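As structure tokens, the structure follows; a few thoughts come after it.
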Amino acid sequence: MTVRARFAPAPSGSLHVGNVRTGLFSWAFARHHGGAFVLRIEDTDASRVSEEAVRGVIESLRWLGIDWDEGPDVGGPHGPYRQSQRMEDYREATERLLSQADAYPCFCTEEELEERRKAALARGEPPGYDGRCRDRTPQDRAALEAQGLPAAIRFRMPEDEQSVHDLVKGDVRWAAGHLRDFVIVRSDGTPVFLLAVAVDDLLMGITHVIRGDDLLASAPRNAAVIRALGGAPPAYAHVPQVNGPDGKPLSKRHGSTSVEAFREQGYLPEALMNALALLGWSKDAETTFVSKEDLVEAFDIARVSSNPARFDTQKLEWLNTHYVQQLSDDDLAARCLHFLSAAGLSPDPSLLRQAMPLVKERMKTLADSVPLLRFLFSDDIAPDPKAAGVIAKAPEGYLAGVADALGRLEPWEAEAITGELDRLASDAGLNRTKGFQPIRSAVTGSTVSPPLPESLELLGRERTVLRLRAVA
RNA sequence: GGUCCCAUCGUCUAGUGGCCUAGGGCACCACCCUCUCAAGGUGGAGACACGGGUUCGAACCCCGUUGGGACUACCA
């Protein structure tokens, strides 16, 4: 059997790292087994989706390195891949279910349902649907319809015990009567997720449904609908949710946890993917660096942990510094360009490229390139308060002397500059730290910068001397 | 309330009855290196939620308790 897995996000908000992690696992599973991966957009609730969100989902996944064989943008034999465009399939399925008496019209209004729910709760009974419309006679239904009462369509849940063999949770059972009849078509005629997912998974030939475990309870319902439609349910794997640092499920109040946000902060896709891959899954006891290829090669759904994980930003940061260091200078320069431009700088390409070895191991994120390199690409480098303090404490005439000496120095390269700076410092009775810091402050405007002599070499003699004189 | 899921260092995890005086990564602490900041190196502290069983033997199996979470919608 050829594996067909899918990722089916609801584009109601941004794709947060918990969602993608689930998608990543589904993708890795499909790729590991040489199967197909399908992207489907779950937008049955039109009020909650925006076109922007759909585009955002696609872009985020692509950026991360996840690809799909069938989807809304690339098409495929089982399309369309947006639920909002599959209404005909849902209508046909509903008719079949209705004709088989696996579904029935329900005339209860939301208000009535709410009241009965409260009443049941008050009596200490479970609050689910009470089945009032379940066994109405055809005449009864006709009469109610004749009155023009709007009706939703409910699925008639089998009354025996239901069970799901889950690839990560194991066998999960629901005793008879615990799963109530549920609405599959709203009274306005639009299908509900519970129906759409089942129909789509069936029609798209999905063999493995890998999704968040908040959907575990809907698995037996999805499976029941698929069986009623004459199909065989796919295998299910419900992976745990990803929590925020406080241990609560990821949500808006955790701030920017979307893929897009991490991208904007300067994280590398390879680092995010690595971090996500290790959240709830591990290759073995030791492995901490996992590339896309490693993940595909080693992914095993049976090794997915069944308990929820917190997203660890510090580890992401550490992974990111690691991956930044792995990048070639050209690659890194190209990636930094966007951040420097966004900060209003217009870096000279060759200078930028030459600066990479200096900053590579000093960047946690690509965005860090801005404060580190501003002095090279802007002459507006008024010393910050700390730097101003250091300059003020420099011995009388020290910086002017440095300016003079550097103005005559030959050749203008790091090694010679280092020698000269050392000489100047010791002549002034200063050690390297004390001797270099005022210069660094004057030239970069900050007490923190890439190594000084190398920085000066790149800056050039003229700009260096000019800046020294400006503060001297 | 009911049903279901989950429970190893702060955190991510290894662990599927003896290999565990519980291993690794991040974070933390100390030291080394050092022109700032990093990076790097060395070392250190740090966990099986609790209580009962089962067994010659339990982090691993069973039961209970406690604590988290999900679902219980004409949301997905």
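Both backbone and side-chain heavy atoms feed into the values below; hydrogens, waters and symmetry mates do not. Here the structure is a predicted model, which is why all the values come from computation and not from measurement. Order of the sequence lines sets the chain letters (A, B, ...), proteins ahead of strands, with each chain counted from 1.
Across all strands shown, the partner of B/G67 is B/C6, judged by Watson-Crick or G-U wobble contacts whose two distances both fall under 3.5 Å. Base-pair partner of B/C20: not found among the strands shown (Watson-Crick or G-U wobble, both distances under 3.5 Å). Nucleotide B/C74: unpaired (no Watson-Crick or G-U wobble partner with both distances less than 3.5 Å). Look at B/A47: it lacks any Watson-Crick or wobble partner with both distances under 3.5 angstrom.
Here the rule is salt bridge (Lys or Arg N to Asp or Glu O under 4.0 Å) with A/D130, and of A/R180, A/R154, A/R116 only A/R116 fits it.
B/U65 and B/G23 have their P atoms separated by 33 Å, given to the nearest Å. Taking atom P on both B/A45 and B/A30, the two are 15 Å apart, rounded to the nearest angstrom. With both ends at atom C1', the span from B/A14 to B/C56 equals 27 Å, rounded to whole Å. Rounded to whole Å, the C1' atom of B/G46 lies 16 Å from the corresponding atom of B/U21.
The CG atom of A/L316 sits 11 Å away from the C1' atom of B/C26 (whole-angstrom rounding). Between the CG atom of A/D246 and the C1' atom of B/U11 there is a distance of 13 Å, given to the nearest Å.
Considering only residues two or more places apart in sequence or on other chains, A/W318 meets the ring-ring contact (aromatic ring centres under 6.0 Å, His included) condition with A/F289. Evaluation of the ring-ring contact (aromatic ring centres under 6.0 Å, His included) rule for A/H178 yields no partner, not counting sequence neighbours. A/Y267 meets the ring-ring contact (aromatic ring centres under 6.0 Å, His included) test with A/F262; sequence neighbours excluded.
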For nucleotides 36-46 of chain B, just jot down a letter per nucleotide in 5' to 3' order: B, S or -, based on protein non-hydrogen atoms under 4.0 Å. BBBS-------
Readout for nucleotides 68-74 of chain B: B = base within 4.0 Å of protein heavy atom, S = sugar-phosphate only, - = neither; 5' to 3' it is SSSSSSB
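Ring pair A/W281/A/F299: centre-to-centre distance below 6.0 Å.
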Protein and nucleotides 47-49 of chain B: nitrogen or oxygen contacts under 3.5 angstrom:
none

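The side chain of A/D312 approaches B/U11 more closely than any other nucleotide in the set B/A7, B/G23, B/U11.
Ion pairing between a basic and an acidic side chain is recognised when a charged N comes within 4.0 Å of a carboxylate O; A/R86 and A/E88 show no such pairing.
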